[in-house]
> 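Starting off with a structure, shown below.
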Amino acid sequence: MPAYKLLLVSTSVGPLGTGLGGGVELTILNLAKALHQRGHELEIVAPAGSQIDLFKIHQIAGAFQVPCQEQQRTDPITMPGNSVLANMWNYAYQVHQNYDLVINFCYDWLPLYLTPFFHSPIAHLISMSSLTDAMDGMIAAVVNQFPHTVAIHSQTQADTFSFGKSLRCILNGLDLSLYEFSDRPNNTLAWVGRIAPEKGLEDAVQAAKITGIPLKIFGLMQHQDYWQQICQKYPDAPIEYLGFLPTAQLQQALGKCRGVLMTPRWIEAFGNIVVEALACGTPVITYHRGGPAEIVRDGETGFLVEPDNVDGLVQAIAHLDEINRFACRRQVELEYSLTAFGDRVENWILTLLSLKA
Ligand code: UDP
């Protein structure tokens, strides 16, 4: 494959490194690493205040977008004045002819709409399942006019869109050198994610209360009211909130846990945290819903539980010690390494660029 010049445009909901962008932040870093390792030349454009290891960022000021998960299905597209989304894409438009390809990480209407106006192709990596009609309509329009330019992270995510069969599934990948395998866990569980209603933290807290096994909670405090409600409802649950940790500390903490609980209410597109936990040798108990259920191998690298069923979580916790922690690490080495991810991303790029030529 030739070395390409690539312009990566980051999420518009917050600066990289703050956690506001959720899993997209780690995805951008890993995709950039995978492509850089293969000799491609990259520039990353992201909101002002962004920080990311290894790569220089072209920082753009402006007001953040409201995350799509906080919108109703029929809500119209809105943008704040002095929008960072508009400002980033204004910059991208000015420089795009110096690049072979622009890669879009924003789950936003504007970059999709702009696709036909750019002279270089835009590859869109869609990081969420179907949420609003306006977004679905615009993604569908791009898929129709520019086949192969839209990718997603899991088959389950693709299936939430009526045109899912036309989307390219590239899964995700991790820099495994940053995750240490650990086979000596303490008797604790972990829950990791943004503290927000769509993540269903209350079910994990209830499971901790029933089993009496301490639950460590990691992630950005996005909805303080939601957190307070959980604390009031389960005042004596053995839980501890430890904040949003950088990867180096998060992986150390995950390795010390017997298992990670994933309890999403929505259809999680992928669930980076699942592969991060497995990389440390920590099995994952997840609802049979969304991307995490596609990753975890029931009975081998964790357990799949009937969605929204706390008793199911409790039963699975009782079987955690039957999981071989080496099998967890091994699964990520085989399927979600930077090499495996880089192969999938390069194939996608090659397909869409060769179609262009
Ligand atoms: N994360 C982190 N530190 C923490 C908790 C979470 O860096 O203390 C990161 C984690 O690595 C993952 C992201 O937050 O990449 C959460 O992404 P996920 O795909 O699980 O969910 P999303 O927030 O995108 O819905």
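For clarity, every value in this text was computed on a predicted model and none was experimentally measured. Just follow the structure's listing: the first ligand is 1, and inside any ligand the first atom is 1.
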> Going through the distances and angles, do D75 and T132 end up as a side-chain hydrogen bond (donor to acceptor under 3.5 Å, both in side chains)?
CA-CA 7 Å; D75 277 358; T132 72; over 6 Å; no
> Locate the shortest heavy-atom distance separating N187 from P214; write the atom from each residue and the value.
O-CD, 3.4 Å
> Quick one: sort the H40 and Y4 rings into parallel, tilted or perpendicular, breaks at 30° and 60°.
parallel
> Quick one: does K199 get within less than 4.0 Å of ligand 1, heavy atoms only?
yes
> Quick test: of every protein heavy atom, which one is nearest to atom 24 (O) of ligand 1, and how far off is it to 0.1 Å?
G23 N, 2.6 Å
> Heavy atom under 4.0 Å from ligand 1: found in L26's side chain, backbone, both, or neither?
side chain
> Any idea which atoms of ligand 1 are less than 4.0 Å away from a heavy-atom of I273?
20 (O)
> Taking G23's backbone N and O only, do any of them form a donor-acceptor pair with N272's side chain (distance below 3.5 Å, no angle check)?
yes
> Which ligand 1 atoms, with their elements, are less than 4.0 angstrom from a heavy-atom of L245?
2 (C), 3 (N), 4 (C), 7 (O), 8 (O)
> Answer side chain, backbone, both or neither: which part of W266 comes under 4.0 Å from ligand 1, heavy atoms only.
side chain
> Should you measure from each heavy atom of G243, which atoms of ligand 1 turn up under 4.0 Å away?
8 (O)
> Does any N or O atom in F244 lie less than 3.5 angstrom from one in ligand 1, N or O only?
no
> Answer yes if the side chains of N90 and Q94 hold a donor-acceptor pair under 3.5 Å, and no otherwise.
yes
> So, R194 side chain and K199 main chain: donor-acceptor pair closer than 3.5 Å or not?
no
> Taking E335 for the side chain and V332 for the main chain, is one N or O donor matched with an acceptor at less than 3.5 Å?
no
> So, does T160 use its side chain to make a donor-acceptor pair with the main chain of S129 at under 3.5 Å?
no
> Output the list of atoms in ligand 1 that are nearer than 4.0 Å to some heavy atom of G219, sorted by atom number.
5 (C), 8 (O)
> Spell out, yes or no, whether M221 and V192 are grouped together once hydrophobic residues are joined by side-chain heavy atoms under 4.5 Å, including indirect joins.
no
> Should G19 be listed as contacting ligand 1, given a heavy-atom distance under 4.0 Å as the test?
no
> With a 4.0 Å cut-off on heavy atoms, is V192 touching ligand 1?
yes
> If the plane angle is over 60° it's perpendicular, under 30° parallel, otherwise tilted; pick one for Y113 and F117.
tilted
> Using a heavy-atom cut-off of under 4.0 Å, does the side chain or the backbone of E268 touch ligand 1, or both, or neither?
side chain
> Can you name the atoms of ligand 1, numbered from 1 with element, that are less than 4.0 Å from a heavy atom of R194?
22 (P), 23 (O), 25 (O)
> When you measure from atom 19 (O) of ligand 1 to every protein heavy atom, which one gives the shortest distance, and what is it?
N272 N, 3.2 Å
> Under 3.5 Å between any N/O of E276 and any N/O of ligand 1: does that happen in this structure?
yes
